Amino acid sequence: GALLSGASAAQEFEMVVAEQVLIVSAPGGPRRRAGFSFGPVPVELRAEDLGDDPGAVVEALRADPLLKIDGRFEERPADED
């Protein structure tokens, strides 16, 4: 059918990884937690931003009821070995 009309063209697949991005803000005013400063403007944090123990940093952020934490996944090309 029509969906396969371009099938003769070579298809290239790119390997990607999904990386979690935390989006943290403090709507009620300035907050400091786990070495980071937050205010009403959202701050994006990736795994490399969270130091040697990212799990502990995330738990510290989640423990603060005055922080708003959202998240999303970003796709990026996989590193070729």
Side-chain angles (χ1 to χ4, degrees):
L3 293 176
L4 299 177
S5 62
S8 61
Q11 290 184 345
E12 188 175 320
F13 293 97
E14 184 178 347
M15 296 294 292
V16 296
V17 284
E19 179 178 58
Q20 186 175 18
V21 179
L22 295 178
I23 304 157
V24 186
S25 63
R31 302 286 293 166
R32 286 195 56 79
R33 221 24 108 235
F36 296 96
S37 295
F38 302 102
V41 177
V43 174
E44 293 188 355
L45 299 173
R46 289 166 178 76
E48 62 265 16
D49 300 325
L50 302 180
D52 294 334
D53 192 355
V57 173
V58 171
E59 286 307 311
L61 298 176
R62 287 184 177 155
D64 188 332
L66 299 180
L67 291 180
K68 178 182 178 209
I69 303 173
D70 292 316
R72 71 170 193 279
F73 284 93
E74 276 185 353
E75 289 184 352
R76 64 174 175 80
D79 296 331
E80 293 185 23
D81 293 331

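What you see below is based on every heavy atom in this structure, not just the backbone, and it leaves out hydrogens, waters and symmetry mates. Bear in mind that the values here come from a model prediction, so they are computed numbers and not experimental data.
- Under the 3.5 Å distance criterion, the side-chain polar atoms of Asp64 are left unmatched by any main-chain donor or acceptor of Leu61.
- The shortest heavy-atom contact between Ser37 and Val43 is O-CG2, 4.3 Å.
- Put simply, the side chain of Ile23 does not reach to within 4.5 Å of the side chain of Ile69, judged on heavy atoms.
- In this structure, the side chains of Lys68 and Val24 stay at 4.5 Å or more apart for every pair of heavy atoms.
- Here the closest heavy-atom approach between residue Ala34 and residue Ala60 is recorded as CB-CB, 4.1 Å.
- Two residues are said to be in side-chain contact when any heavy atoms from C-beta on lie closer than 4.5 Å; Glu44 and Arg72 meet this criterion.
- The shortest side-chain heavy-atom distance between Leu45 and Phe36 falls under the 4.5 Å cut-off.
- Annotation: side chain of Phe73 is not in contact with side chain of Val21 (no heavy-atom distance under 4.5 Å).
- Gln20 has its side chain out of reach of Glu74: every pair of non-hydrogen atoms, C-beta onward, lies at least 4.5 Å apart.
- Of all the heavy atoms in Ala26 and Arg31, the pair that sits closest is CB-CG, 3.5 Å.
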